[in-house]
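What follows is a single structure, written as structure tokens, with notes after it.
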Amino acid sequence: MSPASAATVNERKAAVLAVRSLSVTFQSPTGPFEALRNVTLHVRPGEKIGLVGESGSGKSTIARVVLGLLQEERDVAVSGSVRLGLREILGDQSFIRESRGDRVSMIFQDAVSALNPTFTIGDQFKEVLRRRNPTISTAAALRRARVALADVYLHEPDRVLGSYVFQLSGGMSQRVMIALALINDPDLIVADEPGSSLDVTVQARTLHLMNDLIGRRRTSVMFISHNLGVVREFADRVYVIYRGGIVEHATTAQLFADPRHPYTRALLAAIPRLDQRGIPDVPETIPGFADPLIEHEGCEEPSLASA
Amino acid sequence: MSEAFLSVEGVTKRFRSAGGEVIALEDVSIRVDHGECHAIIGESGSGKSTLGGLILGLFEPTSGSVRFKGEILGAPRRPLRLKRAIQLIQQNPLSALNPRRTVGQSIRLAFDVHAIGEKAQRGKRVAELLGEVGLPADYALRSPHGLSGGERQRVAIARALACEPELIVLDEPTSALDVLVQARVLQLLMRIRHQHRLTYAFITHDLAVVRGIADRVSVFEKGRLVESGLADAIFATPQSDYTRRLLAAVPVVSDEEARFRDRFRAAEVDAEEAED
């Protein structure tokens with residue numbers, strides 16, 4: 001796709017999520033810590049974007065801002081703009097609180113601790129469905145939940161609905177969380193390291209399942225991971241984040257065929273490969289990690305007016 | 001056949017649990033040669049960490065035996081020389097390093113316990129070991145809490161080396177590390193293996209790491225050994241469906257790697273649907 005045609009696409013469709021110049025600073029006893037620095041990104045309808053970085057890079061901080069969770073904490077300064085659709089959420093906590101679980105939902109790394117241990121799975125479905133439709137009857141909610149569980153290949157819906165999370169395996173809990181995240185047909189799913197606490201075979205199945213369901217509904221996803229391989233299989237477009245700043249933005253194909261930022265190149269070079277003996281040599285210091293953002297062709301951020 | 005450096009012979013290990021008995025390992029036999037890096041692969045519940053525990057003497061096999069250079073390795077009252085010869089490096093080094101001791105004290109303890117070298121020389125040896133794992137000598141005075149994950153793992157490596165071991169059991173030593181740090185620590189582990197003529201039993205779930213470092217591979221599933229052999233052979237033509245399934249599930253970062261992996265995928269579609 002030429003840069004020109006990509007820009008037209010950008011302008012035609014309003015972004016589901018548009019983050020502009022987002023900065024986050026934590027106040028700590030040892031002084032201020034800048035967790036995010038001038039982060040700009042967007043997610044278009046039906047698009048799966050990957051946000052990839054190492055631990056401490058700030059990728060999960062972005063997720064918490066988008067979900068409105070960080071703004072509820074003390075000793076945090078947040079500036080910039082975060083829009084869900086056309087609505088600004090910074091400074092509007094009531095809107096994001098109502099949207100969470102409904103217009104925006106989340107899938108976390110560890111489903112077992114993300115699900116409420118004191119309610120049955122059935123009760124959790126009811127609660128989430130009532131965020132969209134406060135008057136839905138218990139019978140109707142459980143009917144919807146059974147269909148949603150069948151979609152994630154959980155074949156004994158009544159047993160699952162009557163269970164507490166500790167009675168389910170890690171893989172089953174992860175599927176329940178996916179079903180819960182999708183049940184209100186949200187505009188955006190924020191998936192933070194989904195499945196990374198599971199065994200590789202279970203993780204692969206879970207990701208395929210999630211990909212399949214999201215693809216069918218054309219739900220937009222912000223997919224956060226430290227694992228470049230997982231991002232490569234899942235995302236259409238990727239932002240690489242290093243120490244609180246986006247350093248590279250490319251389509252998935254562009255990024256893996258032609259990584260340009262010194263940090264991205266170092267990350268890709270350091271990953272052990274299934275088809276190669278030996279361990280890559282990674283120098284103790286690599287110059288250029290602090291270099292400015294590199295945007296690939298067609299990946300310019302849409303202007304504020306069109307977003 | 002020559003005497004194996006480390007051999008596991010018909011080992012079964014059962015644990016009592018609230019609900020009855022769990023068979024963690026069932027009739028497992030493997031052989032580890034001197035100087036090799038032997039990867040022990042499996043998912044959770046495969047028995048791979050139980051095998052590590054048996055080698056380290058954390059518990060006894062229910063039946064069968066583990067031999068180190070011909071000598072049966074028991075658990076209770078294992079002689080100090082065997083404890084010294086077989087060391088552990090684990091996933092979370094913080095749990096292996098006493099938070100009340102400085103880095104230098106933790107390393108030096110190994111010299112004192114095993115009476116290694118002359119007392120007057122031990123401080124100097126600590127500095128040498130820190131240098132060998134790529135840390136400045138003044139790290140001896142620091143607390144493990146103030147270190148990064150990679151630095152802690154380097155300290156754990158130095159502490160293991162202080163014992164002048166022959167065999168090191170590595171239990172997911174880089175799984176908690178970021179990718180750049182992981183590569184540096186794996187490089188270090190490979191270098192000291194050659195320099196010190198060490199043998200590794202490398203427990204991991206990460207097949208790309210295994211391809212990078214292992215000479216031989218043993219694959220475990222639900223307490224059973226499903227396959228054991230040269231790494232080159234297992235990655236070229238895995239014999240077990242389970243090994244193929246593991247290979248097929250690995251997320252990859254290049255088209256060549258995807259082509260390599262996808263050879264194992266075709267047969268897996270049916271198996272996936274049948275699972276859980």
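From a predicted model like this one, the values you see are computed outputs, not experimental measurements. Within every chain, numbering begins at 1; the chains are lettered A, B, ... in the order of the sequence lines, protein sequences first and strands thereafter. Side chains included, hydrogens not; waters and symmetry mates left out as well; all remaining heavy atoms used.
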Which of the residues B/Gly212, B/Ala249, B/Ala183, B/Ser254 is involved in the greatest number of heavy-atom pairs with chain A at under 4.5 angstrom? B/Gly212
Residues at least two apart in sequence or cross-chain that pass ring-ring contact (aromatic ring centres under 6.0 Å, His included) with B/His196, listed by chain then number, are none
Residue-level interface, residues 240-256 of chain A with chain B, non-hydrogen cut-off under 4.5 Å: A/Phe256
Any residues in residues 267-282 of chain A near chain B, with a heavy-atom distance under 4.5 Å, and which are they? A/Leu267, A/Leu268, A/Ala270, A/Ile271, A/Pro272, A/Arg273, A/Leu274, A/Asp275, A/Gln276, A/Arg277, A/Gly278, A/Ile279, A/Pro280, A/Asp281, A/Val282
With only heavy atoms counted, which part of A/Ile286 is less than 4.5 Å from chain B, the side chain, the backbone, both or neither? side chain
Taking all heavy atoms of A/Val200 and all of B/Glu43, pick out the closest pair and write down the distance. N-OE2, 3.3 Å
Applying a strict 4.5 Å limit to non-hydrogen atoms, the region of B/Ala231 in contact with chain A is neither
Suppose a student defines contact as a heavy atom less than 4.5 Å from any heavy atom of chain B. Which residues in residues 222-235 of chain A would they list? A/Asn227, A/Leu228, A/Gly229, A/Val230, A/Arg232, A/Glu233
Heavy atoms only: give me the nearest B/Leu180-A/Ala266 pair and the separation to one decimal. CD2-O, 3.6 Å
Side chain, backbone, both or neither: which part of B/Gln182 has a heavy atom under 4.5 Å from chain A? side chain
More than 12 heavy atoms of other residues, nucleotides or ligands under 6.0 Å from CZ of B/Arg142: yes or no? yes
Where on B/Asp206 is there a heavy atom nearer than 4.5 Å to chain A: the side chain, the backbone, both, or neither? neither
